[in-house]
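The structure appears right after this line, and notes come after that.
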Amino acid sequence: MLNENAVIARLLAWYDAHKRDLPFRGTRDPYRVWVSEIMLQQTRAQTVIPYYQRFLQRFPDVQALAQAQEEEVLKLWEGLGYYSRARMLHKTAGIVAQNGFPTTEQGLRELPGIGPYTAAAIASIAFGQPAPAIDGNLTRVLARLYHIEENVRIPSVARQLRRYGENLMPPDRPGDMNQALMDLGATLCVPGTPECDQCPLSQLCVAFNEGEPETLPVLPDARPPRPIPMAVALVTHRDQVLLIQRREKLLHNLYVFALCEGQDDEASAARHLKHLGLSVQAGQPLGSARHVFTHRVWQMELYHFEADAPISVPHGLWATAQQLQALPIPTAMKVARQQALHILSDK
DNA sequence: GTCCAGGTCC
DNA sequence: GGACCTGGAC
């Protein structure tokens, strides 16, 4: 079927000549590998680079991270998304600072925030274990290399993918092989139209030889996100604006403006603020914004309300412009935050 | 604007 | 199986 030894030899030679120069490459320090792999979950390498550099500068080792406040970790994560990654990274730092890093895939798998992919990535890169790190890139490359035409989410198919991956792990360079497969998936064996004419594996690739590598892998259809109307209230008093720290799972512990979920009109927003115990003047419309999550779309209408007094509200905080810059605030609030800074600067 | 990609937890 | 976020390509 597939000549594994030829794939390994060609791909490692290609990697040695063409590997991406990334700041988290060239280290086997398990802390650095761990931080980078958590950031790389669901996130492209180019996006991760500046976050990784700031994070390592502030938290150079696991002890530094373990001693931090969660809020500071979230602030450094601001804009990267999937904030439970940051919360679990911080939590897990406490465990690792006590016990040290597990050195096996199974041991790593027991830590919060480390799933099958990340356990294999750390085990192979930091500890030289022959574990294939099956992420989206590996899935695509393997599905094409082995011409897997079934839905790769079916458990039996996923297990087969893992076995194929294991067969491609050279005993001497498993970490490099994983990173070579990832780089191939990120640069040539891309979704859509792969650049097979430049690929070191095309001659060996079953999908290429069958003719339709661009149709693989077969993934289930994604569900469209559900639209949620939302009124966003920028409630100011003198040089401060009201922020609320979220207790919900979505954007947990991050700060947002007063949100009225389900309604986007001014009257609903005003009712919501009254319910919080606030006395406000009539709201001024500030335009709209949209933010897409995996499972929902916030369709936001923004309003400015002037409060008669800075009444304290549950989980609320009256923030100055300076605090607005210093607190962890999600990208969903980007437009609203700009508006808030503009309003506060006019005072 | 629209489409798409991308791991872990519960 | 659903919840969880954002940015890049087009």
Side-chain angles (χ1 to χ4, degrees), chain A residues 33-51 74 76-92 105 108-123 131-143 151-155 158 161-162 165 178 181-183 185-187 189-195 214-228 230 246-256 261 288-300 328-335 337:
Chain A
V33 174
W34 171 52
V35 170
S36 67
E37 289 301 338
I38 299 295
M39 288 185 171
L40 287 163
Q41 290 169 7
Q42 308 291 87
T43 311
R44 287 173 173 77
Q46 284 306 316
T47 305
V48 163
I49 290 171
Y51 285 91
L74 286 173
L76 282 166
W77 211 267
E78 182 182 275
L80 207 47
Y82 289 109
Y83 297 96
S84 69
R85 293 183 295 170
R87 293 190 298 268
M88 283 189 289
L89 189 72
H90 179 233
K91 176 183 172 186
T92 300
E105 192 182 7
L108 289 158
R109 185 67 186 77
E110 290 170 17
L111 293 172
I114 297 186
Y117 160 74
T118 309
I122 300 172
I134 313 279
D135 67 346
N137 288 315
L138 276 269
T139 298
R140 189 166 55 254
V141 172
L142 295 175
N151 180 340
V152 293
R153 292 292 148 73
I154 296 169
L161 212 60
R162 158 100 194 180
N178 272 326
L181 287 161
M182 290 178 209
D183 274 20
T187 61
C189 195
V190 292
T193 313
E195 306 200 42
E214 69 280 1
T215 65
L216 300 176
V218 176
L219 295 161
D221 290 341
R223 274 219 198 69
R226 185 163 62 92
I228 312 273
M230 180 91 73
R246 283 177 70 83
R247 308 310 303 164
E248 295 88 339
K249 270 196 303 183
L250 178 64
L251 304 175
H252 185 75
N253 282 357
L254 279 80
Y255 292 84
V256 297
E261 189 166 339
S288 45
R290 229 171 85 86
H291 189 81
V292 182
F293 297 90
T294 316
H295 55 306
R296 61 187 78 178
V297 186
W298 284 0
Q299 295 180 321
M300 297 174 276
I329 295 172
T331 302
M333 294 291 107
K334 188 175 175 176
V335 172
R337 176 162 66 174

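Reminder, nothing fancy here: chain letters follow the sequence lines and each chain counts from 1.
For Gln42(A), counting side-chain heavy atoms from C-beta on, the closest listed nucleotide (dC5(C), dG8(C), dG7(B)) is dG7(B). Comparing dG6(B), dA5(B), dC9(B) by their closest approach to the side chain of Asn137(A) singles out dG6(B). Checked against dT8(B), dC5(C), dT2(B), the side chain of Tyr83(A) finds its nearest nucleotide in dC5(C). Listed candidates were dT2(B), dT8(B), dC9(B). Nearest to the side chain of Arg109(A) is dC9(B).
The distance from atom CZ of Arg246(A) to atom C1' of dA3(C) is 13 Å, rounded to the nearest whole Å. At whole-Å resolution of the value, CD in Glu195(A) and C1' in dA9(C) are 13 Å apart. Atoms CD (Glu110(A)) and P (dC9(B)) sit 12 Å apart, rounded to a whole Å. As rounded to whole Å, 10 Å separates atom P of dC5(C) from atom CG of Leu74(A). Rounded to an integer number of Å, the gap from Leu80(A) CG to dG7(C) P is 8 Å. Counting to the nearest Å, the P atom of dT8(B) and the CG atom of Leu108(A) are 12 Å from each other. Rounded to whole Å, the distance from CE on Met333(A) to C1' on dC5(C) is 13 Å. Leu40(A) places its CG atom 12 Å from the P atom of dT8(B), with the value rounded to the nearest Å.
Within 3.5 Å, no donor on the side chain of Ser84(A) pairs with an acceptor on the base of dC9(B), nor the reverse.
Nucleic acid contact class of Ile38(A) (heavy atoms, under 4.0 Å, all strands): none. Among the heavy atoms of the strands, none lies under 4.0 Å from Thr43(A). At a threshold of 4.0 angstrom between heavy atoms, the contacts of Tyr117(A) are confined to the sugar-phosphate backbone, with no base atom among them. Gly79(A) comes within 4.0 angstrom of sugar-phosphate atoms only, judged by non-hydrogen atoms across all strands, and of no base. The residue Arg85(A) sits apart from the nucleic acid: no heavy atom pair falls under 4.0 Å. Among the atoms of the strands shown, none is found under 4.0 Å from any heavy atom of Leu219(A).
The 12-atom threshold is exceeded at CZ of Arg247(A), counting heavy atoms of other residues, nucleotides or ligands nearer than 6.0 Å. By the 6.0 Å contact criterion, CD on Glu110(A) is open, its count of non-hydrogen atoms from other residues, nucleotides or ligands being 12 or less.
With contacts defined as side-chain heavy-atom distances shorter than 4.5 Å, the pair Asn253(A)/Tyr83(A) does not qualify.
Residue-to-nucleotide proximity on DNA chain B shows that, of Gly192(A) and Lys249(A), the 5′-proximal contact is made by Gly192(A).
Contact annotation: His295(A) side-chain N/O to dA3(C) OP1/OP2 distance is not under 4.0 Å. Contact between the side-chain N/O atoms of Thr294(A) and the OP1/OP2 oxygens of dG2(C) is not found at any separation under 4.0 Å. Of the side-chain N and O atoms in Arg140(A), one or more sit less than 4.0 angstrom from OP1 or OP2 of dG6(B). Residue Gln41(A) has a polar side-chain atom (N or O) positioned under 4.0 Å from OP1 or OP2 of dT8(B).
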Inset, instruction - Determine, stepwise, if the pair Arg290(A) / Gln299(A) fulfils side-chain contact (heavy atoms from CB on, under 4.5 Å). - result: CA-CA 5 Å; Arg290(A) 229 171 85 86; Gln299(A) 295 180 321; 3.8 Å; yes

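Checking side-chain atoms of Tyr51(A) against main-chain N and O of Ser36(A) turns up no donor-acceptor pair under 3.5 Å.
Between Arg162(A) and Glu105(A), at least one side-chain nitrogen of the basic residue sits less than 4.0 Å from a carboxylate oxygen of the acidic one, meeting the salt-bridge criterion.
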